[in-house]
Structure formats: structure tokens, C-alpha cells
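Notes follow the structure.
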Amino acid sequence: MHPLIKKVLVSQEEIQRRSAELGRIIDNDYSNGKPPLLVALLRGSVPFLAELIKHITLDIEYDFMDVSSYEGTQSVGDLKILKDLDTSIQGLDILLVEDIVDTGNTINVVKQMLMNKGAKSVKVVTLLDKPSRRTVDISAEYIGFEIGNEFVVGFGLDFDQKYRNLPYVGVLKDECYKV
């Protein structure tokens with residue numbers, strides 16, 4: 001364990017196991033039609049996307065968007081679109097891949113944007129769900145783990161762009177947040 005991690009919330013093994021379960025569920029849900037286009041939100045969702053797609057047997061494609069609503073440890077609610085999709089999504093089923101659904105603001109805005117671009121449907125798969133922080137009435141269709149109101153890092157999640165490469169989800173020691 002990294003020396004600055006106070007505790008591990010979700011282990012690498014738990015992430016792999018749950019990703020396999022989610023892959024089977026997604027395969028089943030989309031087995032009677034055209035596979036969805038997976039749209040991953042950069043940067044945090046990349047490790048989850050990489051793990052999840054190992055367990056989806058459908059002939060999927062994926063693309064990326066880069067949006068940001070965080071400064072430090074807080075979601076500031078002001079969504080910035082840094083990279084849009086390269087793929088036309090007109091008439092496609094979209095599976096939005098997210099690292100964490102926190103306030104719900106980002107997912108809400110991105111889902112609406114994708115529908116406005118002509119998506120047939122937009123569903124969300126998230127590694128982590130933090131419903132206690134929700135400020136928008138929105139939920140993910142596929143959830144890896146529900147967590148409490150703690151700021152987490154690892155497996156793509158960061159604190160000031162650090163700790164994304166940890167193979168698990170953990171909580172930093174309090175001294176990491178002191179300036």
C-alpha cells in the first residue's frame with residue numbers, strides 16, 4: 001500500500017471481480033441489438049474502461065470526452081469540455097463510462113449533450129457511486145461500488161493529478177490535503 005494512503009476502500013481484486021460481473025450484465029442487456037458505443041470520460045475513467053472492456057464480449061467501439069468540474073477535492077459545478085467526441089453518435093446507444101458519480105452534475109450535463117447530438121439512448125456505467133453527495137436527480141444504470149462521502153484516489157481517481165496509477169481505490173492521509 002502507498003505510504004500516503006490511510007485506507008483501501010476497494011481492492012484491485014474487488015475491482016476486477018466487479019468489472020467481470022458488470023461486463024456480463026452489459027453483454028446480456030445489449031445482446032439483442034447493436035452494441036453500444038462506450039464513451040469514456042477522461043482521464044479518471046481510463047483504468048476502469050480498460051478493465052471493463054476485457055469482460056465485454058460484444059463487438060464494441062469506444063471514444064473519449066474530456067470534461068472537468070473539479071478543483072482540488074471539490075466539484076465546483078462549472079463543467080469545462082476540453083475534448084469532444086471524434087465519432088458521430090447519431091442514432092447510437094451510448095454507454096457512458098465514468099470513474100465516479102458524485103454530485104451528478106457532470107453526468108447530467110454530458111448525458112443531455114449526447115442526447116442533443118442525436119444519441120438514441122445514454123446509459124451510465126460507473127466504478128464508484130457516491131449518492132450522499134448528489135445534487136441532481138440522476139443515477140447510473142450500472143454501478144461498481146457505492147461509497148460514502150470520502151474523497152478517494154486511485155484506479156484513475158486523482159488528487160491534483162496524482163495517485164491515478166494506484167491499482168486500488170483508497171483514501172489519502174489527512175496531511176496530504178494540508179497546504
Side-chain angles (χ1 to χ4, degrees), residues 5-30 36-56 60 62 64-80 93-115 119 121-159 163-172 177:
I5 295 294
K6 178 173 21 180
K7 64 180 175 180
V8 173
L9 286 183
V10 185
S11 72
Q12 182 176 13
E13 295 76 21
E14 290 171 312
I15 293 169
Q16 291 168 338
R17 190 169 35 254
R18 184 63 180 143
S19 295
E21 292 169 359
L22 289 170
R24 286 190 296 274
I25 294 166
I26 291 165
D27 275 349
N28 185 60
D29 288 356
Y30 287 96
L37 171 70
L38 276 67
V39 173
L41 297 182
L42 295 173
R43 301 177 189 153
S45 68
V46 171
F48 179 48
L49 173 71
E51 184 62 38
L52 180 65
I53 63 175
K54 293 178 195 175
H55 307 286
I56 297 174
I60 57 164
Y62 55 86
F64 299 94
M65 290 181 74
D66 192 358
V67 299
S68 178
S69 67
Y70 274 84
E71 288 181 10
T73 63
Q74 295 298 313
S75 178
V76 294
D78 181 24
L79 189 69
K80 297 174 188 152
D93 290 313
I94 304 297
L95 185 55
L96 192 56
V97 181
E98 182 61 298
D99 53 357
I100 187 168
V101 178
D102 190 338
T103 64
N105 291 324
T106 299
I107 292 295
N108 191 43
V109 171
V110 172
K111 278 183 82 168
Q112 188 58 52
M113 183 186 320
L114 295 173
M115 291 304 293
S121 70
V122 180
K123 292 184 178 180
V124 177
V125 57
T126 185
L127 176 62
L128 303 173
D129 187 30
K130 197 187 290 189
S132 66
R133 296 247 316 137
R134 205 76 85 240
T135 60
V136 177
D137 185 21
I138 196 164
S139 59
E141 286 78 9
Y142 308 99
I143 297 170
F145 303 93
E146 186 175 308
I147 63 170
N149 188 15
E150 295 182 278
F151 186 81
V152 292
V153 297
F155 213 77
L157 296 131
D158 73 296
F159 174 63
Y163 312 107
R164 289 186 191 276
N165 62 321
L166 298 176
Y168 51 80
V169 175
V171 178
L172 285 175
Y177 303 112

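Atoms considered below: every heavy atom in the structure, side chains included; atoms not considered: hydrogens, waters and symmetry mates.
Taking all atoms of both residues into account, the shortest heavy-atom contact from D99 to L127 is O-CB, 3.4 Å. The heavy-atom pair separating L157 from V152 by the smallest distance is CB-O, 3.7 Å. The minimum heavy-atom distance linking L52 with S19 is given by the pair CD1-O, 3.8 Å. Closest approach of R18 to I143, counting heavy atoms only: NH2-O, 2.8 Å. For V124 against E141, the heavy-atom pair with the smallest separation is N-OE1, 2.7 Å. In plain terms, the two heavy atoms of L9 and E150 that are nearest each other are CD2-OE1, 3.7 Å.
The side chain to side chain donor-acceptor pair (under 3.5 Å) test with R134 singles out one residue from D129, T103, N105, D102, and that residue is D129.
Interatomic distance, S132 OG to E146 CD, rounded to the nearest 0.5 Å: 8.0 Å. The structure places CG of L37 at 4.5 Å from CD1 of I94, a figure rounded to the nearest 0.5 Å. Within the model, atoms CD of Q16 and NE2 of H55 stand 7.0 Å from one another, a figure rounded to the nearest 0.5 Å.
Here the side chains of I53 and V97 are not in contact, with every heavy-atom distance at 4.5 Å or above. Counting heavy atoms from C-beta on, the side chains of L96 and L41 come closer than 4.5 Å. In this structure, the side chains of V10 and F155 stay at 4.5 Å or more apart for every pair of heavy atoms. Using a 4.5 Å heavy-atom threshold, the side chains of L38 and V125 count as separate. Using a 4.5 Å heavy-atom threshold, the side chains of R164 and P47 count as separate. F48 places a side-chain heavy atom less than 4.5 Å from the side chain of L22. Side-chain atoms of Y30 and I60, non-hydrogen and from C-beta on, never get closer than 4.5 Å to each other. V169 is not listed as a side-chain neighbour of F145, based on a closest heavy-atom distance of 4.5 Å or more.
Judged by distance alone, with hydrogens and angles left aside, the side-chain atoms of S11 form a donor-acceptor pair with the main-chain N or O of E14 at under 3.5 Å.
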Check the pair E98, T106 against side chain to side chain contact (heavy atoms under 4.5 Å, CB included), reporting the backbone distance first and the verdict last. CA-CA 10 Å; E98 182 61 298; T106 299; 4.2 Å; yes

D158 vs V153, test: side chain to side chain contact (heavy atoms under 4.5 Å, CB included). Steps then yes/no. CA-CA 5 Å; D158 73 296; V153 297; 5.8 Å; no

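Atom CG of N149 sits in a crowded spot, with more than 12 heavy atoms from other residues, nucleotides or ligands closer than 6.0 Å.
Under the 30°/60° scheme for interplanar angles, the aromatic rings of F151 and F159 are found to stand perpendicular.
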